[in-house]
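All ligand and atom numbering here is 1-based and tracks the order in the structure.
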Amino acid sequence: MSRRFILGTAGHIDHGKSSLVRALTNVDPDRLPEEKRRGMTIELGFAHLTLDDSAGDQIEVGIVDVPGHADFIKNMVAGAAAIDGVLLVVAADDGWMPQSEEHLQILEYLGVRRAVIALTKADLSEDPEFAVEMLRDDLQDSHFAESPIIPVSSTTGAGIATLRDELVRMIESAPLPRDTGKPRLPIDRAFSPTGVGTVVTGTLTRGTLSVGDPVILTPAGTEGSIRGIQNHNASVPAAEASMRTAINLSDIALASSVGKRGAARGQTLTTPRFATTTDTLDVVISRTARHHISASDREVKLGHLGHVHIHHAGSLHRARLVLDVSVQRQIEPGQSAIAQLRFNEPIHAFAGDRFLVRDGSQQHTIAGGEVLHPFGNRRWFHKEEYQHFLAQRVENRDDHGVTAETLVETLVHHDKIISDPSVLDYTDRSDAELNAAIDALESNGIALRTPNGIVDQQWWQKVAAKAEAEVDAFHEAKPELPGIPVLKLQKALGRAAGDDRIFHSLLRHLSTAGIERTGVNVHRAGYTPQLPPAIQPIAEKILQQLDTDPINPPTKKELATAPNEIKALSFLIRQGNVIELDDKCVISTAGYAQIKQAVVAFIEAQGPARAADLKTAAGTTRKIMMPALERLDADGITARDGDFRHLKAPQPTA
Ligand SMILES: Nc1nc2c(ncn2[C@@H]2O[C@H](COP(=O)(O)OP(=O)(O)OP(=O)(O)O)[C@@H](O)[C@H]2O)c(=O)[nH]1
């Protein structure tokens, strides 16, 4: 299989980027009539180059030619957001210019780490070697300080072969494209050729998209599916990570015809699993301390509550910058800071995404950043624990953002419960990487998988121990009750029980410690309620009083008024020794049986009867008979028909 690489171009206007791409590929990347007329690149241009690697295999290079003019920085960022390496172009006759510097800073901010520098128009330079030396100075204190500098001329063809060799070397030294299985395609162009529907183009940064896949445009939230895929003008069944591709969409129109819900640059195409948007990003922001930084750029303030423009994955958003003012109110050149970006509109972002910060007037590129947590919490941002959570993320990063283990560990430490592990979907880490991280954290005693989420293991054990202690304390304090009511236990456990699904997991976990739930109560397995010794005689006395004249028992009030008497009577009712007829009357089981027998005998002999006749037959009072009959109805012995009760026919057994 041939290797793929997305190469961006960068450099000051008229330094010869487009000519160089043409010399390398024989494709003219300036495709707009206006570009031809004005002789400069406005939109992103795309070309395709096939190189041979050192083993003779092919490398498919997608070239994104970005505009050099200062007015078109937005387009430049859209192109640079998805590139694997850069061809930085500097004209030998002009040297390092403002957009050479700005592009270099943008590339650094966006995390581009591989470059070949082309010193173009070498034919116009009297001393190309001196020009190379000067350029080396300009690149000092940048990530590209050691990158190869190749003098070339697109006019004479000099140096082009060497440049190709250097490009191959750079590509071979780069890691293979990563596939996290999380497809995202930031759209750089959207158009609607007659008879074909909507076509979008872009670089699929991760994952795979296949013909027929359901897709969603984010942040618009418009659903559709993939009708066709092209790569370098040929139809393919699927697009893979790091592939420049054109996708023909079903059910998604162009933005111009359906307002903001349609396809346009700035939207990202993804699958429904990854379509959640956010309006608050927790980030780390850095400002360069380059020696070339201009005085006017240096003076731009980047402070707490300032308005900034954020370029991210080809889209541009306004945001409010929030800093932890206990640490700093400003980010000066050369400084980094944890910050929160608050947007007024939804944005689609993953942890690990890079972005560019430009000032409110869009005149200056002032900083770059990386997303630490895509679902920031505005209320918590200033809290110490939250700052700690973010600081840990800053410290444990690699080229793809926060490491998988830190992503999980910091989240369980801070939240204690990840009840919705799908937040981990929004990271530049595959499911396999995240699962391996969770396994490692489980074996280190840090996290624990429960059926309903991932929890902080130590905290979970503490909560489980507290729950056990609550159950035992309840049995001890109220041995006559079957167990602690669920709601009471939930309240005692606070946050742990706030999420019903997690509380459910906790109860399941507790079953291994011999704790069970029956109905609304949680208790030790096999627990039998019993009255405290001091109350037992009271219960016996109540039973005696009820047995004296079983069908004409004393009322509840007559039986129990003192707290211990009430406790004893409630216990007898719960245990089934005494039947509660209504809120005033109780009766012994023997008394109820007598009434039942009298009612059944009377109706069998006389047919359906009125309550008054049944009361006389049973020899009790109306006060007892009325609720007793309702109870007999409920028990399926009798049934009511107007003023009459008849016996309920026994239900056929199945
Ligand atoms: N002599 C000479 N002229 C060159 C060379 N490369 C480019 N040019 C000329 O320089 C001018 C600008 O070249 P482009 O390739 O359009 O420059 P660009 O960097 O793509 O410009 P933008 O895309 O608008 O930023 C054109 O007139 C080219 O003919 C070269 O190697 N030698």
Side-chain angles (χ1 to χ4, degrees), residues 6-49 61-81 83 85-107 112 115-132 134-135 138-139 144 147-167 188-189 265 311 314 365:
I6 304 292
L7 179 73
T9 63
H12 196 74
I13 180 163
D14 273 351
H15 274 203
K17 289 190 303 296
S18 302
S19 306
L20 186 58
V21 170
R22 213 161 30 235
L24 281 166
T25 65
N26 297 323
V27 172
D28 182 0
D30 284 350
R31 56 191 169 74
L32 292 182
E34 192 194 349
E35 291 177 330
K36 291 266 187 247
R37 192 161 38 75
R38 292 172 68 183
M40 66 182 199
T41 312
I42 299 168
E43 276 284 355
L44 295 168
F46 302 101
H48 171 228
L49 171 67
V61 184
I63 301 184
V64 184
D65 183 35
V66 298
H69 193 279
D71 291 351
F72 307 121
I73 284 287
K74 181 180 160 196
N75 301 353
M76 191 262 166
V77 178
I83 66 180
V86 66
L87 176 60
L88 181 61
V89 168
V90 182
D93 60 337
D94 212 13
W96 197 252
M97 294 298 281
Q99 262 67 56
S100 316
E101 177 63 24
E102 184 162 25
H103 283 192
L104 175 128
Q105 287 183 21
I106 291 172
L107 293 163
V112 179
V116 172
I117 322 290
L119 184 72
T120 49
K121 309 193 189 180
D123 55 298
L124 298 182
S125 167
E126 282 165 18
D127 188 352
E129 266 179 39
F130 179 66
V132 170
M134 293 281 291
L135 196 46
D138 295 319
L139 292 170
F144 309 132
S147 299
I149 301 175
I150 315 297
V152 294
S153 167
S154 304
T155 313
T156 67
I160 300 290
T162 317
L163 182 65
R164 282 171 178 266
D165 292 345
E166 281 304 335
L167 288 173
D188 44 40
R189 280 191 291 159
R265 172 182 295 170
H311 290 266
T365 295

Exercise for review: Mark up the atoms of ligand 1 that fall under 4.0 Å of a heavy atom belonging to S19, in ascending order.
Suggested key: 6 (N), 7 (C), 13 (O), 14 (P), 15 (O), 28 (C)
Review point. Do P98 and E101 come within less than 4.5 Å of each other through their side chains, counting heavy atoms only?
Key: no
Check your understanding: Out of curiosity, D14 CG to K121 NZ, how far, rounded to the nearest 0.5 Å?
Key -> 5.5 Å
Review point. Relative to ligand 1, is L20 under 4.0 angstrom through side chain, backbone, both or neither, heavy atoms considered?
Key: neither
Practice item. Would you indicate whether the side-chain heavy atoms of I63 and L87 approach each other to under 4.5 Å? Key: no
Review point. Do H15 and D94 come within less than 4.5 Å of each other through their side chains, counting heavy atoms only?
Key: yes
Check your understanding: Does the side chain of L104 reach to within under 4.5 Å of the side chain of D138, using non-hydrogen atoms?
Key -> no
Study note, to complete from the structure: So the atoms of ligand 1 within less than 4.0 Å of a heavy atom of D123 turn out to be 1 (N), 2 (C), 30 (C), 31 (O), 32 (N)
Review point. If you measure from each heavy atom of T120 to ligand 1, is any distance below 4.0 Å?
Key: no
Check your understanding: When only distance counts, is K17 in polar contact with ligand 1, meaning an N/O pair under 3.5 Å?
Key -> yes
Review point. Would you say I13 has any N or O atom under 3.5 Å from an N or O of ligand 1, going by distance alone?
Key: no
Practice item. Select one of side chain, backbone, both or neither to describe which atoms of L124 lie under 4.0 Å from any atom of ligand 1, heavy atoms only. Key: side chain
Point to revise | Subset of ligand 1 atoms that lie under 4.0 Å from at least one heavy atom of S18 | key: 15 (O), 18 (P), 20 (O), 23 (O)
Check your understanding: Is there side-chain contact between T9 and L20, with at least one heavy-atom pair below 4.5 Å?
Key -> no
